[in-house]
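As structure tokens, the structure follows; a few thoughts come after it.
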2 protein chains.
Amino acid sequence: MSTAPTVEPTGNWEFQVLARNCPSRPTLEHVAGRWGTLIFLVLREDPKRFSELRRAVDGINEKALSQSLRALERDGFVARHASDGYPSRVEYSLTELGASTAELLHRLVAHVEERMPEVLLAQSAYDEEHRTER
Amino acid sequence: MSTAPTVEPTGNWEFQVLARNCPSRPTLEHVAGRWGTLIFLVLREDPKRFSELRRAVDGINEKALSQSLRALERDGFVARHASDGYPSRVEYSLTELGASTAELLHRLVAHVEERMPEVLLAQSAYDEEHRTER
DNA sequence: CAGTATCCAAAAAGATACTG
DNA sequence: CAGTATCTTTTTGGATACTG
């Protein structure tokens with residue numbers, strides 16, 4: 001028998017996340033997904049209460065916000081501080097891991113927004129190119 | 001009349017994308033969404049054919065790949081080159097806009113993967129903390 | 001206030017088959 | 001090969017109501 005082949009069982013990727021069933025894939029989805037990115041952007045400024053987040057992330061509903069925050073807390077990006085008392089008061093903040101991730105998301109979003117004029121032009125050109133009859 | 005107020009109609013955000021109905025929100029979802037990020041990572045290396053992408057992005061199906069590529073092409077991140085002939089041969093590559101975006105996504109993914117041990121620990125701690133009876 | 005529970009509608013995922 | 005079409009199943013969205 002020769003030595004072990006250099007081929008991995010399911011492929012040879014630079015990033016684990018390209019493999020299905022890799023634990024980083026769900027985490028990346030929590031971070032970069034529809035609501036995750038926006039929550040990071042808002043928490044990057046200051047800790048926020050649940051209702052502040054709900055208002056800041058326009059269009060999110062309570063269910064989605066609750067689920068997103070729970071996933072990000074479980075992954076260690078967000079910390080939840082509940083002061084006891086009534087009415088209840090809960091604050092969400094970024095952990096060090098969350099803050100470093102938020103920086104990268106911030107750059108990504110800033111870049112996309114900066115280049116949106118170009119994107120809108122590309123969209124118009126594409127639509128022009130691909131419109132079928134009428 | 002005084003000068004225009006500094007308050008925006010629907011809020012005062014650092015990023016447009018925090019507003020519902022902002023054109024950058026769908027674009028950000030194409031880029032950072034479930035498949036978008038992975039497609040960028042793969043195309044960052046080299047141009048790829050449809051079937052190469054399908055194999056490289058483990059778990060994606062043809063419909064999702066086709067839809068994602070169309071969205072990214074429309075937004076101007078990806079260019080599609082079809083050589084005529086049979087069997088057909090189509091290559092997808094990143095535009096300059098796509099390549100610069102891919103760099104930022106690459107940093108984000110590298111960061112998340114680097115810190116995955118910490119994430120896994122946080123998940124265990126969370127599950128331990130929150131398990132109810134039994 | 002900070003959520004959870006419920007229900008319904010809408011959308012997206014997934015598999016399979018088919019075509020230029 | 002590079003997709004599209006179709007159909008079924010799962011998720012998600014969204015509104016409303018309710019609880020500690």
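All values below come from the heavy atoms of this structure, side chains included, with hydrogens, waters and symmetry mates left out. These numbers were taken from a predicted model, which means no experiment stands behind them.
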Practice problem: Figure out the NE2/C1' separation between H130(B) and dT4(C), and round it to whole Å. | Solution: 14 Å
Quiz prompt | Which residues share a side-chain hydrogen bond (donor to acceptor under 3.5 Å, both in side chains) with H30(A), sequence neighbours left out | solution = D75(A)
Exercise. Hey, could you give me the OG1/CG distance between T101(B) and L108(A), rounded to the nearest 0.5 Å?
Key: 7.0 Å
Quiz item: In terms of hydrophobic clustering (I, L, V, M, F, W, Y; side-chain heavy atoms under 4.5 Å; direct or indirect links), are L97(A) and V78(A) co-clustered?
Solution: yes
Self-check item: Those residues that, when tested against S88(A), pass side-chain hydrogen bond (donor to acceptor under 3.5 Å, both in side chains) (two or more places apart)
Solution: none
Output a table of donor-acceptor pairs, distance under 3.5 Å, between side-chain atoms of residues 65-73 of chain B and any protein atom two or more places apart or on a different chain; print 'none' if there are none.
residue: S66(B); atom: OG; partner: R70(B); partner atom: NH2; Å: 3.1
residue: S68(B); atom: OG; partner: A64(B); partner atom: O; Å: 2.7

Quiz item: To the nearest Å, how far apart are R20(A) CZ and dA13(C) C1'?
Solution: 13 Å
Exercise. Output all residues satisfying side-chain hydrogen bond (donor to acceptor under 3.5 Å, both in side chains) with E45(A), sequence neighbours left out; order by chain, then residue number.
Key: none
Quiz item: What pattern of brackets, bars and dots sums up DNA chain D from 5' to 3', given Watson-Crick or G-U wobble pairs under 3.5 Å, [ ] for crossing pairs and | for another strand?
Solution: ||||||||||||||||||||
Practice problem: Report yes or no: does S24(A) contribute a side-chain atom to a donor-acceptor pair with the main-chain N or O of E113(B) at less than 3.5 Å? | Solution: no
Quiz item: Given atom OH of Y92(B) and atom P of dC1(D), what is their separation to the nearest angstrom?
Solution: 14 Å
Quiz item: CD of Q16(B): more than 12 outside heavy atoms within 6.0 angstrom?
Solution: no
Self-check item: Close aromatic pair by centroid cut-off 6.0 Å: H106(A) and F15(B)
Solution: yes
Quiz item: Does any pair with a residue in residues 90-104 of chain A pass salt bridge (Lys or Arg N to Asp or Glu O under 4.0 Å), and if so which ones, sequence neighbours excluded?
Solution: R44(A)-E103(A), R89(A)-E91(A), E96(A)-R115(B)
Quiz item: Excluding sequence neighbours, so at least two apart, what forms salt bridge (Lys or Arg N to Asp or Glu O under 4.0 Å) with R20(A)?
Solution: D58(B)
Self-check item: For DNA chain D, the residues among residues 34-56 of chain A that have a non-hydrogen atom under 4.0 Å from it
Solution: R34(A), W35(A)
Self-check item: DNA chain D contacts made by residues 63-91 of chain A, counting heavy atoms under 4.0 Å
Solution: K63(A), Y86(A), S88(A)
Exercise. Can you sort out the partners of R107(A) under salt bridge (Lys or Arg N to Asp or Glu O under 4.0 Å), two or more places apart, ordered by chain and number?
Key: none
Self-check item: Results of salt bridge (Lys or Arg N to Asp or Glu O under 4.0 Å) for E128(B) - residues two or more places apart only
Solution: R131(B)
Are there any protein N/O atoms within less than 3.5 Å of an N/O atom in nucleotides 17-19 of chain D, and if so, which ones and at what distance?
none

Practice problem: Starting from P on dA5(D), measure out to CG on N61(B) and report it in whole angstrom. | Solution: 16 Å
